[in-house]
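Encoded as structure tokens, the structure appears first; notes follow it.
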Number of protein chains: 2
Amino acid sequence: MEVTVAEPQTDSMAAALENILTVSKNGPGLCPVRDILDRIGDKWSLLTILHLGRADNLRFNELRRHIEGISQRMLTVTLRSLETDGLITRTAYAEVPPRVEYRLTALGRSLLGAVVELGNWATAHAPAIAEARRAFGVE
Amino acid sequence: MEVTVAEPQTDSMAAALENILTVSKNGPGLCPVRDILDRIGDKWSLLTILHLGRADNLRFNELRRHIEGISQRMLTVTLRSLETDGLITRTAYAEVPPRVEYRLTALGRSLLGAVVELGNWATAHAPAIAEARRAFGVE
DNA sequence: CAGAATCCGGTATGATACTG
DNA sequence: CAGTATCATACCGGATTCTG
């Protein structure tokens with residue numbers, strides 16, 4: 001089953017843009033998009049979400065192996081952040097050695113669609129960006 | 001006209017996840033998602049893209065007025081970054097006083113869909129996140 | 001295994017002043 | 001109007017060490 005990606009460019013998008021950019025509803029000058037990106041726009045959050053989206057449930061060191069290059073500290077920090085935002089749950093089992101499982105909440109899974117679309121765009125257009133940078137570097 | 005947002009959760013998403021998370025195609029351990037977020041995941045890029053997506057073409061100080069809180073320096077830096085990535089174009093008119101127009105490239109517009117979806121999610125679920133943080137803060 | 005605590009450097013961001 | 005240049009700083013993230 002195919003998924004129509006982007007490119008509709010209809011006025012539904014214009015309406016969405018209007019809605020999104022209508023700032024300062026909640027806080028003083030706080031745009032939801034800015035607010036969200038302050039949370040998941042860091043170095044590891046989205047990647048963590050993607051991996052949990054694929055595997056449904058992962059342990060601490062499983063995640064660490066999957067997310068190449070992440071430090072122990074940053075995995076901890078990232079997981080705590082996602083947890084306090086209600087995007088993942090942390091389940092610790094009273095065993096020895098300890099076992100802790102992380103998985104997406106319903107809220108977290110609801111984010112997965114947008115993230116996947118962003119990921120699709122990234123994989124599809126990464127070459128174009130690399131090309132643009134090269135062209136600009138020469139100039 | 002309605003837009004069906006997320007929630008298909010079909011195996012097309014599973015396939016997309018596999019594809020996105022298949023790391024190390026281009027560089028050494030470079031995931032496209034990480035790569036993209038290193039560029040547009042900063043404090044102002046997405047917001048700039050959204051505003052240019054709405055207005056089609058904006059001048060420097062127009063953007064500055066629209067993007068609440070951005071400093072002159074950061075707007076310059078952000079625009080340069082987006083330009084070298086091939087997401088926007090910069091057109092300077094030899095007039096006095098000078099006039100410079102920024103607009104999305106085709107590449108930039110192709111990103112708009114994913115960004116808008118992320119924005120929709122953000123505006124829709126911002127209350128849920130705020131609620132989660134409050135609940136966690138009490139605990 | 002799953003972390004906590006500490007130290008530390010680079011960078012992203014901001015404030016300010018100046019220019020063509 | 002549309003920047004550039006310089007300085008100051010906050011904080012993100014990595015390396016390391018220690019623990020239940």
Side-chain angles (χ1 to χ4, degrees), chain A residues 28-31 33-49 51-52 55 57-85 88-103 136, chain B residues 28-31 33-49 51-52 55 57-85 88-103 136:
Chain A
L30 253 194
C31 177
V33 201
R34 280 288 340 279
D35 202 37
I36 288 300
L37 232 79
D38 279 348
R39 302 198 145 77
I40 63 169
D42 65 348
K43 198 170 179 180
W44 303 109
S45 287
L46 278 196
L47 217 47
T48 304
I49 289 175
H51 278 287
L52 287 177
N57 126 58
L58 287 172
R59 300 176 60 173
F60 186 85
N61 279 320
E62 282 181 322
L63 271 168
R64 212 187 151 185
R65 278 187 295 272
H66 281 65
I67 306 175
E68 188 175 356
I70 195 172
S71 66
Q72 194 176 47
R73 171 190 154 80
M74 285 319 295
L75 181 53
T76 302
V77 171
T78 301
L79 289 172
R80 290 290 174 278
S81 168
L82 294 177
E83 191 187 2
T84 67
D85 283 347
I88 68 174
T89 59
R90 176 185 184 275
T91 312
Y93 295 90
E95 303 172 359
V96 92
R99 177 167 58 101
V100 179
E101 289 181 354
Y102 295 92
R103 74 182 63 212
F136 203 90
Chain B
L30 251 197
C31 178
V33 202
R34 279 292 336 283
D35 202 36
I36 288 301
L37 233 77
D38 279 347
R39 301 198 148 76
I40 63 168
D42 66 345
K43 198 169 180 181
W44 303 109
S45 288
L46 278 196
L47 218 47
T48 305
I49 290 175
H51 278 287
L52 287 177
N57 125 58
L58 287 171
R59 301 176 59 171
F60 186 86
N61 278 320
E62 281 181 324
L63 271 168
R64 210 182 155 193
R65 278 187 294 272
H66 281 66
I67 307 174
E68 188 175 358
I70 195 171
S71 65
Q72 193 176 46
R73 170 188 158 77
M74 285 319 295
L75 181 54
T76 302
V77 171
T78 301
L79 289 172
R80 290 291 173 277
S81 169
L82 294 176
E83 189 187 3
T84 69
D85 284 347
I88 68 173
T89 59
R90 174 184 185 275
T91 311
Y93 296 90
E95 304 172 0
V96 91
R99 176 166 59 102
V100 179
E101 289 181 354
Y102 294 93
R103 74 181 64 211
F136 203 90

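So you know, we letter chains A, B, ... as the sequences are listed, proteins then strands, and number each from 1.
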Identify whether any heavy atom of B/Arg59 sits under 4.0 Å from a base atom; if not, whether one sits that close to sugar-phosphate; answer base, sugar-phosphate or nothing. sugar-phosphate
Which nucleotides of nucleotides 5-10 of chain C have their base under 4.0 Å from a protein heavy atom (B), which only their sugar-phosphate (S), and which neither (-), written as one string 5' to 3'? -B----
Provide, to the nearest angstrom, the distance between the CG atom belonging to A/Leu79 and the C1' atom belonging to C/dC1. 14 Å
Do any of residues 90-97 of chain A sit with a heavy atom less than 4.0 Å from DNA chain C, and if so which? A/Arg90, A/Pro97
So which nucleotide from C/dG3, D/dG13, D/dG3 ends up closest to the side chain of A/Val100? C/dG3
Non-hydrogen side-chain atoms of B/Leu75 and B/Phe60 separated by less than 4.5 Å: yes
Tested for side-chain contact (heavy atoms from CB on, under 4.5 Å) against A/Tyr102, the lone hit among A/Ile88, A/Thr89, A/Thr91 is A/Ile88
Atom pair OG1 (A/Thr84) and CZ (A/Arg90), whose distance is rounded to the nearest 0.5 Å: 13.0 Å
For the helix from C/dC1-D/dG20 to C/dG20-D/dC1, figure out the bend between the end axes, five pairs an end, and round to 10 degrees. 50°
Do B/Glu101 and B/Leu58 have side-chain heavy atoms sitting under 4.5 Å apart? no
Given 3.5 Å as the limit, does a donor-acceptor pair link the side chain of B/Ser81 with the main chain of B/Val77, or not? no
Worked verdict on A/Arg64 versus A/Glu62 for salt bridge (charged side-chain N to carboxylate O under 4.0 Å, His left out): CA-CA 5 Å; A/Arg64 212 187 151 185; A/Glu62 282 181 322; over 6 Å; no
Picking from C/dC1, D/dA2, D/dG13, the nucleotide nearest the side-chain atoms of A/Asn61 would be C/dC1
Options C/dG3, D/dG20, D/dT4, nucleotide nearest the side-chain atoms of B/Arg80: D/dT4
Are the side chains of B/Arg99 and B/Arg59 in contact, using a 4.5 Å heavy-atom criterion? yes
Min side-chain heavy-atom separation B/His51-B/Ile67 under 4.5 Å: yes
Quick one: B/Glu83 CD to D/dA2 C1', roughly how many Å, whole number? 14 Å
How far apart are the closest heavy atoms of A/Ile49 and A/Ile40, and which atoms are they? CD1-CG2, 4.4 Å
On DNA chain D, nearest-nucleotide positions of A/Gly69 versus B/Phe60: which is more 5'? B/Phe60
Is the distance from OP1 or OP2 of D/dG3 to the nearest side-chain N or O of B/Tyr102 less than 4.0 Å? yes
Are side-chain heavy atoms of B/Trp44 and A/Arg34 found at a separation under 4.5 Å? yes
If I take atom CG from residue B/Asp42 and atom CG from residue B/Leu37, how far apart are they, to the nearest 0.5 angstrom? 9.5 Å
Please pick, from C/dA4, D/dC1, C/dG14, the nucleotide with the shortest atom-to-atom distance to any side-chain atom of B/Pro98. D/dC1
